[in-house]
Amino acid sequence: MPELPEVETVVRELRADGLIGRSITRAQAFWKPMIAPLTPAAFAAQLKGRRVQAIQRRAKYIVITLANGNTLLIHLRMTGQLNLVRKGAPRDPHQHIVLCLDDGRDLRYRDTRKFGRWILTRAPDTILGRLGPEPLSEHFDRKVFISQLRSRRRQLKPLLLDQTFLAGLGNIYADEALWDARLHPGRVASTLSAMEARRLHGAIRRVLRRGIQNKGTTLGSGKSNFKRPGGNRGQNQAGLKVFRRTGVPCLRCGKSIRRMIISQRATHICPNCQPA
DNA sequence: ATCGCAGCCTGTACGC
DNA sequence: TGCGTACAGGCTGCGA
């Protein structure tokens, strides 16, 4: 569920809500695999008394720098959410981690499917360094991207979802970017013309920027869907052009949007705008 | 290098 | 209403 725009939205809201500078007065973890290899006792001991120095995003990780030199990497995977609530609020059964803050609030981690991970480490680059470039960074060079793209013999869809190739795209924004660039997701990257690769570079940045502007995508109304820390929904679903719009006329040409499976993932295209 | 599959979990949507 | 099945926005580890 959360991709780059959703994670960026969470990070911005946590900052805006004054999480930086707060100290953790108590930490509890109720689902062990989520914090492994730490035990809940070690997790609690390491976090207690620590002050939050910075909150950033790298790829789909929330990166929380603590004042003692430790870094907390939080990955939301499919259904993870961070909830900022008052300390006394009853604990939702899906809230598996609770950080009590020194201002009377709790930062809680809610995750129905329990796929998310919290990693406490002194060497975050061991993990973050393996990730591909940030598509919205000023260092995301168009020429470099074009040549890397055209050097690969994979289909575009799985390549764009590969976090070591490019950081932050997930199933929604990959489909949206490919529609925007008018490229079929099954195209082999090395067959792209320079012009097509250039279109994709622009499209990726465009759909991600729009996603952030709209504060993320919240599909449907289930409690597992993306929520901002304050509990609000994202608004980007209204701006989606193909994702889960099977059978709806293409906004560019009017042809019916089709759903297919590419590398085991639901994939949505306009068969007219995105020829094989 | 690349592909396909199972596994990690729970909730929801849909057909009968 | 109840039951069974398929599917879900991510990622990892394995064998081929």
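We use all heavy atoms of the structure for the numbers below, so side chains are in, but hydrogens, waters and symmetry mates are not. Computed from a predicted structure; not experimentally measured. Naming: A, B, ... by sequence-line order, numbering from 1 per chain.
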Is it true that the side chains of [X] and [Y] contain a donor and an acceptor less than 3.5 Å apart?
| X | Y | result |
| --- | --- | --- |
| A:Arg108 | A:Asn83 | no |
| A:Gln81 | A:Asp111 | no |
| A:Thr267 | A:Lys157 | yes |
| A:Thr79 | A:Ser224 | no |

How is [X] classified with respect to the nucleic acid when contacts are heavy atoms under 4.0 Å: base, sugar-phosphate, or nothing?
| X | value |
| --- | --- |
| A:Arg152 | sugar-phosphate |
| A:Leu219 | base |
| A:Asn225 | base |
| A:Gly222 | nothing |
| A:Lys60 | sugar-phosphate |
| A:Thr217 | base |
| A:Gln163 | sugar-phosphate |
| A:Arg259 | sugar-phosphate |
| A:Phe243 | sugar-phosphate |

Length of the [atom1]-[atom2] vector between [X] and [N], whole Å:
| X | N | atom1 | atom2 | answer |
| --- | --- | --- | --- | --- |
| A:Asp92 | B:dT10 | CG | P | 14 Å |
| A:Met260 | C:dC7 | CE | P | 16 Å |
| A:Gln264 | C:dT12 | CD | P | 16 Å |
| A:Met78 | C:dA8 | CE | C1' | 5 Å |
| A:Leu76 | C:dC11 | CG | C1' | 13 Å |
| A:Leu159 | B:dC3 | CG | C1' | 13 Å |
| A:His268 | C:dC7 | NE2 | P | 12 Å |
| A:Gln81 | C:dA8 | CD | P | 20 Å |

Who pairs with A:His75 by ring pair (Phe, Tyr, Trp, His ring centres under 6.0 Å), at least two apart in sequence or on another chain? A:Tyr61

Just compare [options] and give me whichever is closest to any side-chain atom of [X].
| X | options | answer |
| --- | --- | --- |
| A:Arg77 | C:dT12, C:dG9, B:dG11 | C:dT12 |
| A:His94 | B:dT10, B:dC3, C:dA8 | B:dT10 |
| A:Lys114 | B:dG11, B:dG4, B:dT10 | B:dT10 |
| A:Trp31 | B:dG4, C:dG9, B:dC9 | B:dC9 |
| A:Thr112 | B:dG11, B:dT2, C:dA8 | B:dG11 |

Taking pairing as Watson-Crick or G-U wobble with both contacts under 3.5 Å, can you name the mate of B:dC9, or confirm there isn't one? none

For C:dG9, which nucleotide in any strand shown is its Watson-Crick or wobble partner with both distances under 3.5 Å? none

If you compare every side-chain N and O of A:Arg117 against the phosphate oxygens of C:dC11 (OP1, OP2), does one of them come in below 4.0 Å? no

[N] to [M] separation - [atom1] atoms, rounded to the nearest Å:
| N | M | atom1 | result |
| --- | --- | --- | --- |
| B:dC9 | C:dG4 | P | 23 Å |
| B:dC5 | C:dC7 | P | 13 Å |
| C:dG9 | B:dC14 | P | 16 Å |
| C:dC11 | B:dG11 | P | 22 Å |

Which comes earlier along DNA chain B counting from the 5' end, the contact point of A:Arg153 or that of A:Ser224, where each point is its nearest nucleotide? A:Arg153

Hey, would you say the A:Phe145 and A:His201 ring centroids sit under 6.0 Å apart? yes

So, do A:Phe115 and C:dC11 meet the stacking rule of ring centres under 5.5 Å and planes under 30°? no

Can a donor-acceptor pair under 3.5 Å be found between the side-chain atoms of A:Arg113 and the base atoms of C:dG9? no

Should A:Glu134 and A:Arg57 be marked as a salt bridge (charged side-chain N to carboxylate O under 4.0 Å, His left out) after you check the CA-CA gap, both sets of side-chain angles, and the distance that decides it? CA-CA 10 Å; A:Glu134 282 293 325; A:Arg57 180 193 59 74; 2.9 Å; yes

